[in-house]
2 protein chains.
Amino acid sequence: MKSNQVTIVDIAKELNMSKSTVSRALTGHPNVKPETRAKVLELAEKLDYQRNMLSISLITNKTKTIGIVLPDFFTSFFPQVVVGAQEEAARQGYSVIVSQCNESYETEVANSKVMLANRVDGVMVSLTKETLNYDHWKAFVRRKIPIVFFNRVCEEMMVPKVVVNDYDGAFQAVEHLIATGKRRIAHLAGPSQLVVSRKRMNGYRDALKKNNIPVDEELIIEYDLNLTKVKMYVKHLLGMTNPPDAIFAVNDPTAIEAIQIIKQVGKHIPDEIAVVGFSDNYGSNFIEPSLTTMAQPVKEIGKTAMELLLGLMDKDISEWKPLIKTLDTELIVRNSTVYKAPE
Amino acid sequence: MKSNQVTIVDIAKELNMSKSTVSRALTGHPNVKPETRAKVLELAEKLDYQRNMLSISLITNKTKTIGIVLPDFFTSFFPQVVVGAQEEAARQGYSVIVSQCNESYETEVANSKVMLANRVDGVMVSLTKETLNYDHWKAFVRRKIPIVFFNRVCEEMMVPKVVVNDYDGAFQAVEHLIATGKRRIAHLAGPSQLVVSRKRMNGYRDALKKNNIPVDEELIIEYDLNLTKVKMYVKHLLGMTNPPDAIFAVNDPTAIEAIQIIKQVGKHIPDEIAVVGFSDNYGSNFIEPSLTTMAQPVKEIGKTAMELLLGLMDKDISEWKPLIKTLDTELIVRNSTVYKAPE
DNA sequence: CTGTTAGCGCTTTCAC
DNA sequence: GTGAAAGCGCTAACAG
């Protein structure tokens with residue numbers, strides 16, 4: 001089956017010159033007679049010639065393609081990260097292969113193989129909540145393919161990472177609750193294998209301690225982020241003899257779920273129980289009451305990770321400093337902690 | 001700079017055999033002595049050999065890669081479509097390059113070039129709201145690269161398309177409003193260059209006509225989907241001497257925006273004014289009041305489009321029937337049209 | 001069963 | 001300035 005794409009040979013034949021000349025004309029090589037170049041360019045334009053990156057990649061051993069591997073596409077978080085990353089990649093002449101893993105470790109491994117087979121020049125990775133083994137990513141380091149983690153990072157690998165100040169964010173969020181008069185603050189935490197979960201947990205604990213509020217382990221529920229379980233947890237918390245007066249949730253979907261349960265039960269937010277989330281996902285501003293949350297600079301995360309990654313491109317592996325970029329979160333106060341009547 | 005990846009030559013040299021034998025062993029060719037194959041496979045495993053798809057693609061003129069071009073990543077709609085599409089692609093051994101265009105025609109054109117340069121085997125496309133010229137997509141047809149449109153389709157190109165029954169959906173949505181006793185139903189419509197906008201508009205008009213409700217052009221506002229404008233439109237509608245008692249919005253973000261304005265103004269939903277959206281995006285179920293909407297089978301759309309596309313792969317261009325697959329929407333009745341107290 | 005050869009589309013020496 | 005030849009990593013056609 002003959003290709004339908006115009007090649008350099010086609011142009012060379014048509015113009016009765018060598019392919020090297022055509023190639024030179026096309027790539028802007030200086031040693032070409034202007035007249036020749038013009039002829040080539042004109043015909044290329046006319047025939048709608050497109051360079052075949054495949055062959056170039058084969059020669060240069062570079063594909064100008066970056067792989068992005070994500071745990072999920074469910075909330076607005078990761079898609080927005082992709083937007084930021086893709087913009088930066090495009091700016092530097094790279095394209096992007098995205099795959100999401102449905103939070104499955106197996107899919108993550110499979111996706112990493114796809115990236116390898118497609119010879120990406122680098123990968124930007126956020127781990128699934130199941131991932132405990134990193135061999136498939138270490139393979140990239142072994143092959144000297146740059147890798148940058150973001151959000152859900154792998155602590156044991158000495159490669160660049162982009163995170164937000166989860167500890168500080170959680171700390172601030174909890175201090176905000178304390179400032180509004182709350183004292184029994186529960187924490188719906190994420191699974192401890194995720195660094196973000198642990199950091200947010202620590203921020204939560206330290207904020208309480210700093211304010212001389214004893215940490216009540218009964219108020220801390222660690223779960224696997226399977227949202228269907230939130231109902232049970234919230235009901236349990238509300239049914240305690242000494243129930244919490246606030247909930248700090250590890251992320252917005254959890255917080256939103258919690259708000260809905262609390263409303264069903266008929267408790268008043270924020271007076272009886274306040275809620276704070278994390279990330280400022282799409283929807284958090286229009287749930288009723290609107291959700292107070294720590295906003296993450298989503299596009300910025302994508303952009304930064306991509307910049308870091310592309311910066312590694314020409315460098316030797318020895319220069320891959322395990323640089324950790326920490327971006328700032330921002331507290332967005334909404335009605336789930338401080339009620340403000342609409343104007 | 002030497003590649004860091006193990007090649008067939010490396011294995012052949014190590015094992016002291018020809019590269020063709022190694023290649024055959026690796027690809028499962030029958031004519032290889034089991035013993036030889038075992039040796040090759042073992043070493044390949046040990047050296048962590050990965051086939052270079054680039055060279056194979058160069059030979060076969062197939063990349064086993066599908067491009068997906070989307071107008072935006074803002075709502076949950078397109079990311080979810082990607083999930084469905086990617087699953088199906090992976091199932092059939094294809095990987096996927098995704099790019100989103102920020103609703104910009106120029107970016108769409110640029111992205112189409114990237115797809116071409118990367119020699120994708122096919123593309124799945126949903127147009128930006130700006131796109132009026134389709135030359136960049138027609139180039140794919142000219143090169144016999146299969147193309148399938150979905151959601152925001154190009155009517156003038158005779159290629160397969162995946163859509164939902166926008167007309168029927170709109171019709172049903174409006175009839176639902178009428179069934180709840182509404183008579184003055186406004187329509188916040190999308191830009192008329194989008195087929196979906198026109199179809200939903202027609203469904204709206206016909207539902208009114210069928211129920212002997214005169215179409216009042218003053219109640220129809222066509223806009224460019226720039227959400228910041230919704231406030232003005234809704235205030236205008238509510239301020240009319242004979243204001244509408246319901247709004248049918250072209251999509252959920254518009255409807256959600258409208259609900260927030262209506263609440264600000266202090267009108268009661270759904271009694272004074274009901275609202276219906278389209279798509280059942282993430283968030284529509286937990287806005288207060290929750291949004292009645294026509295749900296689209298998102299993942300199904302992605303899966304179907306990918307199936308259609310991959311089905312075209314071995315076919316000659318003459319067999320690309322301009323098949324249009326229409327998937328069904330489903331009315332989800334929530335509190336923005338029929339108030340139901342929580343249990 | 002295995003080895004040799006040619007070639008995918010392009011760039012890049014090395015000649016002239 | 002331009003052409004000829006080699007080669008990126010792999011497969012396929014042709015010999016043995």
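Keep in mind the model is a prediction, meaning the values are calculated, not measured. Note: hydrogens, waters and symmetry copies are ignored here, and every other heavy atom, side chains too, is used. Convention: sequence-line order gives letters A, B, ...; per-chain numbering from 1.
Spacing between atom CG of B:Asn31 and atom P of D:dG16 amounts to 17 Å, rounded to whole angstrom units. One can place CD1 of A:Ile56 at 13 Å from P of C:dG9, the figure rounded to the nearest angstrom. Rounded to a whole Å, the CG atom of A:Asp10 is 13 Å from the C1' atom of C:dC8. One can place CG of A:Leu26 at 13 Å from P of C:dT12, the figure rounded to the nearest angstrom. Rounding to whole angstrom units, NZ of residue B:Lys19 and P of C:dT2 are separated by 17 Å. D:dC10 atom C1' lies 15 Å from atom CD of B:Gln50, rounded to whole Å. In this structure, NE2 of B:His29 is placed 15 Å from C1' of D:dC10, rounded to the nearest angstrom. Remark: C1' of C:dG9 and CG of B:Asn61 are 10 Å apart, rounded to the nearest angstrom.
A salt bridge links B:Glu88 with B:Arg91: the distance from a Lys NZ or Arg NE/NH1/NH2 to an Asp or Glu carboxylate oxygen falls below 4.0 Å.
Relative to the side chain of B:Met17, the nucleotides D:dT11, C:dG3, C:dC10 differ in distance, and C:dG3 lies closest. Comparing atom distances between the B:Ser55 side chain and each of D:dT11, D:dG9, C:dT2 picks out D:dG9 as nearest. Listed candidates were C:dC10, D:dC10, C:dT4. Nearest to the side chain of B:Ser18 is C:dT4. The side chain of B:Thr7 lies closest to D:dC10 when the candidates are D:dT11, D:dT2, D:dC10. Closest to the side chain of B:Ile8, out of D:dT11, C:dC10, D:dG9, is D:dT11.
Two residues are said to be in side-chain contact when any heavy atoms from C-beta on lie closer than 4.5 Å; A:Ile11 and A:Val6 meet this criterion.
Contacts of B:Ser57 with the nucleic acid, taken as non-hydrogen atoms under 4.0 Å apart, are absent. In this structure, A:Thr60 reaches neither bases nor backbone, as no heavy-atom distance under 4.0 Å exists between it and the strands shown.
At C:dC10, one or more side-chain N or O atoms of A:Tyr49 fall inside 4.0 Å of OP1 or OP2 (strictly under the cut-off). Residue A:Thr21 places at least one side-chain N or O under 4.0 Å from the OP1 or OP2 atom of D:dG3. Between A:Thr36 and D:dT2 there is a side-chain polar atom (N or O) within less than 4.0 angstrom of OP1 or OP2.
Toward the 5' end of DNA chain C, the nearer of the two residues B:Arg119 and B:Asn16, judged by each one's closest nucleotide, is B:Asn16. Along DNA chain D, the nucleotide closest to B:Leu58 and the one closest to A:Arg24 are compared, and the more 5′ of them pairs with A:Arg24.
Within a 6.0 Å radius of CD in B:Glu42, no more than 12 heavy atoms belonging to other residues, nucleotides or ligands are found.
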Worked verdict on B:Arg152 versus B:Glu108 for salt bridge (Lys or Arg N to Asp or Glu O under 4.0 Å): CA-CA 13 Å; B:Arg152 310 257 198 96; B:Glu108 184 182 299; over 6 Å; no
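At a cut-off of 3.5 angstrom, counting only N and O atoms as typed in the model, there is no donor on one side facing an acceptor on the other between the side-chain of B:Ser20 and the base of D:dT11.
A distance-only check finds a donor-acceptor pair linking the side chain of B:Ser57 to the backbone of B:Met53 [under 3.5 Å].
Between B:Tyr134 and B:Trp137, the gap from one ring centroid to the other reaches at least 6.0 Å.
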